[in-house]
Q: 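Encoded as structure tokens, here's the structure I'll be asking about.
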Amino acid sequence: MPELPEVEVVRVGLDGAVVGAAVSAVDVLDERSLRRFDGPAEEFIEQLTGRRLGHPHRRGKFLWLPLDDVPLALVGHLGMSGQLLLRRIDDPLPRHLRVSLHLDTVSRGAMRLDFVDQRVFGSLALDELVPASDARERSDPLIPRAVVHIARDPLDPLFDDDAFVAALRRKRTGIKRALLDQTLVSGVGNIYADEALWAVKLHYDRPAESLSRTTANELLAVLRAVFAKALVEGGTSFDDQYLNVNGQAGSFVHSLNAYGRQGEPCPRCGGPIVRESFMNRGSHFCPRCQRPI
DNA sequence: CTTTCGCCCTGAGTGC
DNA sequence: TGCACTCAGGGCGAAA
């Protein structure tokens, strides 16, 4: 499940390998993967072919590569099951391949960048680069228009802790809903929301406005720690739904304390972890450690 | 304005 | 063996 750590692993994996690479050809095998692109597939192909790719950027779960000479970026979102795989040009085509870019890379010759996505919740697009609405300095990088409403993530050096804590405590909703709101804080998905709430002993439906400043700051600190540890371990891979650009799984699944561990003992108190349906998702928590209100 | 809901999608798993 | 059904969930537009 690609959340912040997984997308960052992909970003780092792309950096270096694709910077300066020229797009020599584009194959769109499934137009549904271009649903966020404002135009037909032919236009996507035409605008991308012949361009060179710049350093990959990320905000939350969105990833983009600026194109040379034009104020456009190739924007990717992995959705539930998306993968960006760097393959040799003559490697066999993987199952669920939706879009494939042929690249003339600087250091590795002819390569393919394959966008693979079983469930088609992810997407590729070309989008105009505009100044960020929360830019602090004129030197701040431009971001795709479709990403302007996404908040910074907790690992962003310009993330504003005080503003986040204040905004969180104004939310009239449950704490997990608030964490999953990408306009409040980005990069958090179901797995890391459950892990952070377990670590700070908060019930998923605890009203956000009931959190003290101290607790809200602890939650933020825990979120950063979970993200950082998951990043070091290469992210969380379930059923190979998430793989890095070289097709390798991450190992953070072995460090999960709550997510996916229903019926197993809570690593802190030994009581059973419970899974409840909430927001059309599974919420995993320890009823003994994480009490509502 | 804010918050919540339903839809998009596929394949693995389950029950009969 | 086959078929219907459930489940996983990020983001977005519409509804409340």
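Labels below follow one simple rule: chain letters A, B, ... track the order of the sequence lines, proteins then strands, and each chain is numbered from 1. All values reported here derive from a predicted model rather than from experimental measurement.
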Q: Show me the donor-acceptor pairs, under 3.5 Å and distance only, between side chains in residues 84-93 of chain A and residues at least two apart or in other chains.
A:
| unit_1 | atom_1 | unit_2 | atom_2 | d |
| --- | --- | --- | --- | --- |
| Asp91(A) | OD2 | Arg88(A) | N | 2.9 |

Q: Listing request: all salt bridge (Lys or Arg N to Asp or Glu O under 4.0 Å) pairs with a residue in residues 203-228 of chain A, at least two apart in sequence or in separate chains.
A: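 Of all non-adjacent pairs touching residues 203-228 of chain A, those that pass salt bridge (Lys or Arg N to Asp or Glu O under 4.0 Å) are Asp161(A)-Arg224(A).
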
Q: Would you say the side chains of Tyr192(A) and Thr236(A) form a donor-acceptor pair under 3.5 Å?
A: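 Short answer, yes.
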
Q: Just to verify, which of His203(A), Lys176(A), Glu276(A) counts as forming a side-chain hydrogen bond (donor to acceptor under 3.5 Å, both in side chains) with Ser283(A)?
A: Lys176(A)

Q: ring-ring contact (aromatic ring centres under 6.0 Å, His included): which pairs involve residues 137-166 of chain A, sequence neighbours left out?
A: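 Listed once each, the pairs are Phe159(A)-Phe164(A).
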
Q: Think Tyr259(A) has a side-chain N or O under 4.0 angstrom from the OP1 or OP2 of dG9(C)?
A: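 It does, given that an N or O in the side chain of Tyr259(A) lies less than 4.0 Å from OP1 or OP2 of dG9(C).
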
Q: Let me know the distance between CG of Asp127(A) and P of dG11(C), rounded to the nearest Å.
A: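 Atom-to-atom, Asp127(A) to dG11(C), this comes out as 15 Å.
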
Q: Considering only NZ, NE, NH1 and NH2 on the basic side and carboxylate oxygens on the acidic side, decide whether Asp181(A) and Lys171(A) come within less than 4.0 Å.
A: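 Result for this pair is yes, salt bridge flagged.
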
Q: Taking only residues two or more places apart in sequence or in another chain, which ones pass side chain to side chain contact (heavy atoms under 4.5 Å, CB included) with Ser277(A)?
A: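 Checked Ser277(A) against side chain to side chain contact (heavy atoms under 4.5 Å, CB included); zero matches.
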
Q: What integer distance in Å separates Phe62(A):CZ from dG10(C):C1'?
A: 9 Å

Q: Hydrophobic side-chain clustering at under 4.5 Å (ILVMFWY, transitive links): who's grouped with Val130(A)? Put none if nobody.
A: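 Traced through the cluster, Val130(A) reaches Phe62(A), Trp64(A), Val75(A), Leu129(A), Leu142(A), Ile143(A), Val147(A), Val148(A), Ile150(A).
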
Q: Provide a list of protein-nucleic acid N or O atom pairs under 3.5 angstrom, restricted to nucleotides 4-8 of chain B.
A:
| unit_1 | atom_1 | unit_2 | atom_2 | d |
| --- | --- | --- | --- | --- |
| dT4(B) | OP2 | Thr173(A) | OG1 | 2.6 |
| dC5(B) | OP2 | Arg177(A) | NH2 | 3.1 |

Q: Roughly how many Å is it from CZ in Phe37(A) to C1' in dG11(C), rounded to a whole number?
A: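 It works out to 19 Å between those atoms.
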
Q: Nearest-nucleotide wise, let me know which of Met80(A) and Ala146(A) is further upstream toward the 5' end of DNA chain C.
A: Met80(A)

Q: In whole Å, what is the span from the CG atom of Leu179(A) to the P atom of dG9(C)?
A: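 Spelled out: CG on Leu179(A) to P on dG9(C) is 15 Å.
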
Q: Answer yes or no: does a side-chain N or O of Gln182(A) lie under 4.0 Å from OP1 or OP2 of dG11(C)?
A: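 Looking at the OP1 and OP2 atoms of dG11(C), one of them is under 4.0 Å from a side-chain N or O of Gln182(A).
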
Q: Can you work out whether Ile150(A) or Gln118(A) has the more 5'-proximal nearest nucleotide on DNA chain C?
A: Gln118(A)

Q: Could you list the protein-to-nucleotides 14-16 of chain C atom pairs, N/O on both sides, closer than 3.5 Å?
A:
none

Q: dG10(C) P sits how many Å from Tyr242(A) OH, rounded?
A: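 Whole-Å distance recorded here is 15 Å.
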
Q: Which residues satisfy the salt bridge (charged side-chain N to carboxylate O under 4.0 Å, His left out) test with Asp104(A), sequence neighbours excluded?
A: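 None.
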
Q: So Gly282(A), base contact, sugar-phosphate only, or nothing? Heavy-atom distance under 4.0 Å.
A: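 Since only primed, P, OP1 and OP2 atoms lie under 4.0 Å of Gly282(A), the category is sugar-phosphate.
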
Q: Is there a side-chain polar atom (N or O) of His96(A) under 4.0 Å from OP1 or OP2 of dT10(B)?
A: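 No, His96(A) has no side-chain N/O under 4.0 Å of OP1/OP2 on dT10(B).
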
Q: Please report how far the helix from dT2(B)-dA16(C) to dC16(B)-dG2(C) bends, comparing the axis fitted to its first five pairs with the axis fitted to its last five, to the nearest 10 degrees.
A: 50°

Q: I need the CG-C1' distance between Asp181(A) and dG13(C), as an integer number of Å.
A: 15 Å

Q: Rounding to a whole Å, what distance do you find between Lys61(A):NZ and dG10(C):C1'?
A: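 Computing the Lys61(A):NZ to dG10(C):C1' distance gives 6 Å.
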
Q: Show every ring-ring contact (aromatic ring centres under 6.0 Å, His included) that has at least one partner inside residues 107-132 of chain A, sequence neighbours left out.
A: none

Q: Can you see if the side chain of Lys171(A) gets near the phosphate of dT2(B) - specifically, an N or O under 4.0 Å from OP1 or OP2?
A: no

Q: Check whether any side-chain N or O of Arg281(A) sits under 4.0 Å from OP1 or OP2 of dG10(C), and answer yes or no.
A: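 Answer is yes, contact under 4.0 Å.
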
Q: State which residues pass side chain to side chain contact (heavy atoms under 4.5 Å, CB included) with Asn257(A); sequence neighbours excluded, sorted by chain then number.
A: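 Result, side chain to side chain contact (heavy atoms under 4.5 Å, CB included) vs Asn257(A): Glu195(A), Trp198(A), Pro267(A).
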
Q: Side chain to side chain donor-acceptor pair (under 3.5 Å): which pairs involve residues 13-29 of chain A, sequence neighbours left out?
A: Asp15(A)-His55(A)

Q: Find the distance Arg59(A):CZ to dG10(C):C1' and express it as a whole number of Å.
A: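 After rounding, the reported distance stands at 18 Å.
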
Q: Give a yes/no on whether any side-chain N or O of Arg119(A) is located under 4.0 angstrom from OP1 or OP2 of dG10(C).
A: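 So the side-chain polar atoms of Arg119(A) never come under 4.0 Å of the phosphate oxygens OP1 or OP2 of dG10(C).
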
